[in-house]
Amino acid sequence: MKNIKKKLVFSLKEGYDAEIIFRKINEVISSQEALIRIEDNKLIIIFFITPRDINYIKSKIKEILAFESNKNKVNGFKYNISDINPSGGKDFLDILVFILSKQGYKTDIDETHIITTANKEKLLSLIKDLEKNLKEVSQKNYSNAVKKVLACYLTMHGKNLSDADNFIQEGLSLGILEENKNKIYTKYSWKETYEMMSKV
């Protein structure tokens, strides 16, 4: 009688590290026992011969996948995005999460919530400053990336727009920022630009 191959399929959450998953699963199942592959965010294991301890193997794989999914999960306060950012601006949230992370607060974001270890008082204070700074830099003849860098810098360091000129001039003199037709821009992403500027 022909042996029927046993197939196990597990769904993978976004952001998985295939190399780590393969390495850990190979500690439970050898490549001689089964074919292991990932397709369309699914882990597929096809055994050449159905093992006797299949339930034990299934439970071990579930443990591995659960651990990898929760490894970077943030345990913190959960805030509704529509409450803290009614305008729904992606740039605003992008900068806010970046600042929180830079200040040592573990922070994550999904479609409806921001999860952070920062308390509400700290979060609301940052939101207020960032909203003010974004509004002020929006009047400047800078590219969108430079506006984000500047708003981030002013918010992070508690500075006013009047302090921005030295920061911009420093960026120009180092070649991180460039000027063309009276407009200041950067050829890097705004985060790369900020990282380079923060080292000067």
| Nearest heavy-atom neighbours spanning Phe47 and Ile54 | CE1-CD1, 3.5 Å
| Any donor-acceptor pair under 3.5 Å from Gln103 side chain to Leu100 backbone | no
| field | Any residue meeting ring-ring contact (aromatic ring centres under 6.0 Å, His included) with Tyr105, in chain and number order, not counting sequence neighbours | value | none
| said: Using the rule given for side chain to side chain contact (heavy atoms under 4.5 Å, CB included), can you reason through Leu154 versus Lys132, listing the C-alpha separation, both sets of side-chain angles and the distance that settles it, and then say yes or no? | reply: CA-CA 10 Å; Leu154 296 175; Lys132 176 180 78 74; over 6 Å; no
| field | Heavy-atom pair with the smallest gap, counting every atom of Glu136 and Leu161 | value | OE1-CB, 3.6 Å
| side chain to side chain contact (heavy atoms under 4.5 Å, CB included) evaluation trace for Val146 with Ile168 | CA-CA 9 Å; Val146 174; Ile168 294 294; 4.1 Å; yes
| message | Check whether Asn80 reaches the backbone of Ser82 with its side chain - one donor and one acceptor, N or O, closer than 3.5 Å. | response | yes
| Taking NZ, NE, NH1 and NH2 as the nitrogens, is one of them in Lys24 or Glu63 under 4.0 Å from a carboxylate oxygen of the other? | no
| said: Under the criterion side chain to side chain donor-acceptor pair (under 3.5 Å), I'd like the reasoning laid out for Thr155 against Asp129: C-alpha separation, chi angles, the key distance, then a yes or no. | reply: CA-CA 6 Å; Thr155 306; Asp129 291 344; over 6 Å; no
| Going from CG on Leu126 to CD on Glu131, what distance comes out if it is rounded to the nearest 0.5 angstrom? | 11.0 Å
| query | With Phe98, which residues qualify under ring-ring contact (aromatic ring centres under 6.0 Å, His included), at least two apart? | reply | Trp190, Tyr194
| said: Surrounding NZ of Lys191 (heavy atoms of other residues, nucleotides or ligands, distance under 6.0 Å), is the total greater than 12? | reply: yes
| Any donor-acceptor pair under 3.5 Å from Ser101 side chain to Val97 backbone | yes
| task | Determine whether Ile46 and Leu8 make a side-chain contact, defined as any pair of heavy atoms from C-beta on separated by less than 4.5 Å. | result | no
| message | Is it true that, when you exclude Phe22 itself, more than 12 heavy atoms of the residues, nucleotides or ligands shown sit nearer than 6.0 Å to its CZ? | response | yes
| Which heavy atom of Lys135 sits nearest a heavy atom of Gln139, and at what distance? | O-NE2, 3.6 Å
| query | Got a second to check how far Thr116's OG1 is from Asp108's CG, nearest 0.5 Å? | reply | 9.5 Å
| Gap separating the CG atom of Asn133 from the NZ atom of Lys148, nearest 0.5 angstrom | 15.0 Å
| query | Could you walk me through whether Asp91 and Lys147 pass the salt bridge (Lys or Arg N to Asp or Glu O under 4.0 Å) check? | reply | CA-CA 10 Å; Asp91 285 355; Lys147 286 177 182 177; over 6 Å; no
| task | Would you confirm whether Glu33, through its side chain, and Ser30, through its main-chain N or O, come within 3.5 Å as a donor-acceptor pair? | result | yes
| query | Given side chains that start at C-beta, do those of Ile99 and Cys152 come closer than 4.5 Å, heavy atoms only? | reply | yes
| message | One pair to check against side chain to side chain contact (heavy atoms under 4.5 Å, CB included): Ile44 and Phe10. What are the steps and the verdict? | response | CA-CA 7 Å; Ile44 301 167; Phe10 301 89; over 6 Å; no
| task | Identify the heavy atoms of Tyr79 and Asn119 that sit nearest to each other, and give their distance. | result | OH-C, 3.3 Å
| Under 3.5 Å donor-acceptor, Asp163 side chain and Asn160 backbone | yes
| Value rounded to 0.5 Å, distance of CD1 in Ile57 from CD1 in Ile45 | 8.5 Å
| Pairwise distance OG(Ser198) to NE2(His157) - rounded to 0.5 angstrom | 7.0 Å
| Side chain to side chain, Ser125 and Lys128, heavy atoms closer than 4.5 Å | no
| field | side chain to side chain contact (heavy atoms under 4.5 Å, CB included) between Ile36 and Ile25, intermediate numbers included | value | CA-CA 9 Å; Ile36 305 165; Ile25 286 175; 3.8 Å; yes
| task | Give a yes or no on whether the backbone of Lys42 and the side-chain of Asp40 come within a donor-acceptor separation of less than 3.5 Å. | result | no
| remark: One should read off an interatomic distance between Lys6 NZ and Ile49 CD1, to the nearest 0.5 angstrom, of 15.5 Å
| field | Nearest atoms (heavy-atom pairs only) where Leu134 meets Ala151 | value | CD2-CB, 3.7 Å
| query | Is the shortest heavy-atom distance from the side chain of Tyr142 to the side chain of Val149 under 4.5 Å? | reply | no
| task | Identify the two heavy atoms, one from Met196 and one from Tyr188, that lie closest to each other, and give their separation to 0.1 Å. | result | CE-CD1, 3.2 Å
| task | Count the heavy atoms of every other residue, nucleotide or ligand shown that sit under 6.0 Å from CG of Asp53, and state whether that count exceeds 12. | result | yes
For a quick test of your reading: what N or O donor-acceptor pairs under 3.5 Å do the side chains of residues 171-183 make, sequence neighbours left out?
| unit_1 | atom_1 | unit_2 | atom_2 | d |
| --- | --- | --- | --- | --- |
| Ser173 | OG | Gln169 | O | 3.4 |
| Ser173 | OG | Glu170 | O | 2.8 |
| Glu178 | OE1 | Tyr185 | OH | 3.0 |

